[in-house]
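Contents: one structure, followed by commentary.
Below, all heavy atoms of this structure are taken into account, side chains as well, without hydrogens, waters or symmetry copies.
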Amino acid sequence: MHALARRLLSGAFVPRVRWRFRTSMFILVWALFNGAAYHAPLYLFGIDHLDVASLRAGMTLLTLPVLVVAMTAVFIGLIALISQRLVKPSCMAMAVVNAIALYFLVTYGVVLDDTMMGNVFNTDTSEAAGLFHPWMLVYVLFLGIVPCWVLLQVEVTHTPFRQRLAMPVAVGLFTLCWAYGASQSWLWIDQYAKRIGGMVLPWSYVVNGVRYWAGNVAPHERRLLPPAHFVSNERKVVFLIIGESARAQNFSLYGYGRRTNPAIAKAGATVFKKARSCATYTTASLECILAHQDPGARARWEPLTSYLQRHGVEVTWRTNNAGEPAMGVRHFERLGDLKAGCTGEACDYDEGLLRGIEARIAASSQQRILVVFHLEGSHGPAYNTRYPSRFNVFTPVCASVQLHQCSSDELVNAYDNTIVYTDFVVGQAIDMLKGLQGYSTSLIYVSDHGESLGEYNLYLHGTPWSIAPAVQKEIPLIVWDSSAAHSNASTTMTVEGTFSHANVFHSVMGAFGMRSDVFDPALNLFSPERHQ
């Protein structure tokens, strides 16, 4: 033991310095390594979208690594101006995070823009565990840990401030000259700017992470909506069920060939066609669903749930997901809070959110009650884990989080099983509402966004809106109302038109007979004329 201590104190376990670089040279070498090691998806994208046989395309393709190296050198160079001691630790951190980012770029075809960083910031432990695959460790080991070990062998010697300043300035001037000489490349780069910017590491996750944080995470004041009143005195219960990653294309109620919606189909619901989400990731979509108008980059108004609670509606929010905005409600409960004393497979899945809600409603003294269920739904990539085994209707299923390794049929089978299960949960909620005594009841089901299942080599969701495919935008929007003429029949009404998340806020207000200056009756899905 004493011998081990002596070896530690003597530096026996400290890596031997094998290379010495001045700060500026070290940064340039690291920038070249970063450009070569972590940007294969970017270069392959350029090859796929350029006519590489032409001289102009070749110049554009060469411009991509020049930009990557230049941006990296300037980024680390600015860190060196603050402190030379931060240079190596910054590069080591970059190596590990780049390795993880590259894994997701290669495996799922994601684009690390600010919307995708929103997904990263709002991924909980359960979701993160569902994304893990041993291949991620391979990326981290060879592209993260090994470069860090090499960096430990390097000594970065002191460089005067002027020389440290000269390096980013020189690189910046060189890049400007290159940009001028390759000006014909900029139209193509501008055309694919979102996609390209989301593949440049570390620019994509650093800058876009800051952009997302500044616009969404940084605290800002919520303004109160104007006073409201109620034009109806009936006792009312409304269920709002927010799905996850459910795309309309795979709902039989929207014309899909498979029978994925047997429960809702016989409930007497109304299906609204051509509904679209406002975003391709959960946090932004939740803001839209709970907002009276497009919240834009920064949502400044109180959400629907707080607005209702403030006006005497008893609000319960139950979640098996994440990404909810700050809100003031009577009850906020996670699925884990509801599992005490619960036995059986159902306790671990979305249907567990229904547990005990009927008794709570019966015990309530409030005249108006809103219950929100935020489902785990069809959250990928581990679709086969989102439903109980009894809903393994379509087989064989994809059982890997590396979705590109599954056949298209296996992937779609697993995803469709999640839709069948969501249909079951919604059907159970409607049956519960039908059984409530003394209340008029309504239900809205809407998904936060859609999902990609390999189309255009894209998986999951969160693709920037401007380039996202329709399957990430087109969502199911379904309502049921106890006062509708067909509510107890086994027929489904279809309403054509253009609908979106904007309908939800005003439909919930309409269901409660709630009126204020922000209420827009044209967006109320429960208007009698829509059900004729």
Side-chain angles (χ1 to χ4, degrees), residues 216 220-232 236-244 272 275-279 282-296 298-319 321-333 353 357 361 364 366-375 429 433 440-449 475 477-481 499-527:
N216 298 275
H220 52 269
E221 184 180 354
R222 295 268 185 175
R223 297 169 59 187
L224 298 181
L225 291 168
H229 65 280
F230 297 93
V231 298
S232 171
K236 185 74 179 187
V237 174
V238 176
F239 280 5
L240 170 59
I241 303 180
I242 302 174
E244 167 68 52
F272 292 86
R276 289 166 71 89
S277 63
C278 75
T282 300
T283 49
S285 291
L286 287 177
E287 288 280 5
C288 286
I289 289 170
L290 300 177
H292 73 287
Q293 61 183 13
D294 182 358
R298 293 173 68 90
R300 297 186 180 275
W301 296 97
E302 65 180 322
L304 171 66
T305 45
S306 299
Y307 190 39
L308 293 176
Q309 184 70 50
R310 192 163 59 85
H311 283 84
V313 178
E314 182 178 318
V315 179
T316 294
W317 185 291
R318 290 186 164 188
T319 181
N321 207 320
E324 295 88 355
M327 64 180 78
V329 299
R330 179 73 175 274
H331 309 283
F332 186 95
E333 300 162 321
L353 297 175
I357 199 65
I361 293 170
S364 175
Q366 295 299 108
Q367 190 169 345
R368 302 174 183 90
I369 299 171
L370 172 69
V371 180
V372 184
F373 300 108
H374 187 195
L375 308 183
L433 291 176
S440 171
T441 57
S442 301
L443 176 144
I444 301 174
Y445 169 78
V446 63
S447 183
D448 57 355
H449 49 73
I475 55 171
L477 177 58
I478 300 164
V479 305
W480 177 89
D481 188 72
F499 306 98
S500 70
H501 285 155
N503 290 98
V504 176
F505 184 101
H506 303 278
S507 298
V508 173
M509 284 190 68
F512 281 116
M514 186 178 183
R515 300 292 184 266
S516 75
D517 290 344
V518 299
F519 176 66
D520 186 349
L523 296 176
N524 180 15
L525 299 176
F526 293 108
S527 295

Test item: [X] side-chain N/O and [Y] main-chain N/O as donor-acceptor pair under 3.5 Å:
X: Q366; Y: V313; answer: no
X: H506; Y: N524; answer: no
X: H449; Y: I475; answer: no
X: N503; Y: L525; answer: no
X: Q309; Y: V315; answer: yes

Axial cation check for F230 ring with R368, 6.0 Å and 45° limits =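 Geometry flag: set, cation within 6.0 Å and 45°.
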Rounded to the nearest 0.5 Å, how far apart are [atom1] of [X] and [atom2] of [Y]?
X: K236; Y: M514; atom1: NZ; atom2: CE; answer: 14.5 Å
X: F373; Y: L443; atom1: CZ; atom2: CG; answer: 8.5 Å
X: L240; Y: S442; atom1: CG; atom2: OG; answer: 11.5 Å
X: S277; Y: H501; atom1: OG; atom2: NE2; answer: 5.5 Å
X: R515; Y: M509; atom1: CZ; atom2: CE; answer: 7.0 Å
X: S440; Y: F512; atom1: OG; atom2: CZ; answer: 10.0 Å

Can you name the one residue among L353, V372, V446, L375 that meets side chain to side chain contact (heavy atoms under 4.5 Å, CB included) with I241?
->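 Per the side chain to side chain contact (heavy atoms under 4.5 Å, CB included) rule, the option paired with I241 is L375, out of L353, V372, V446, L375.
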Let me know which of T319, T283, T305 forms a side-chain hydrogen bond (donor to acceptor under 3.5 Å, both in side chains) with E324.
->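 Result: among T319, T283, T305, T319 is the only option passing the side-chain hydrogen bond (donor to acceptor under 3.5 Å, both in side chains) with E324.
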Take the angle between the ring planes of F272 and F499 and call it parallel below 30°, perpendicular above 60°, tilted in between.
->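 Perpendicular: the ring planes of F272 and F499 meet at over 60°.
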Ring geometry between W317 and H374 (parallel below 30°, tilted from 30 to 60°, perpendicular above 60°) =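 H374 vs W317 ring planes: perpendicular.
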Any chance the side chains of S447 and E244 put a donor and an acceptor closer than 3.5 Å?
->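 Result is no, nothing qualifies.
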Tell me yes or no: between the side chains of T316 and E333, is some donor less than 3.5 Å from an acceptor?
->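 No - no donor-acceptor pair under 3.5 Å links their side chains.
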Centres of the W301 and H292 rings: under 6.0 Å?
->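 Yes, close enough.
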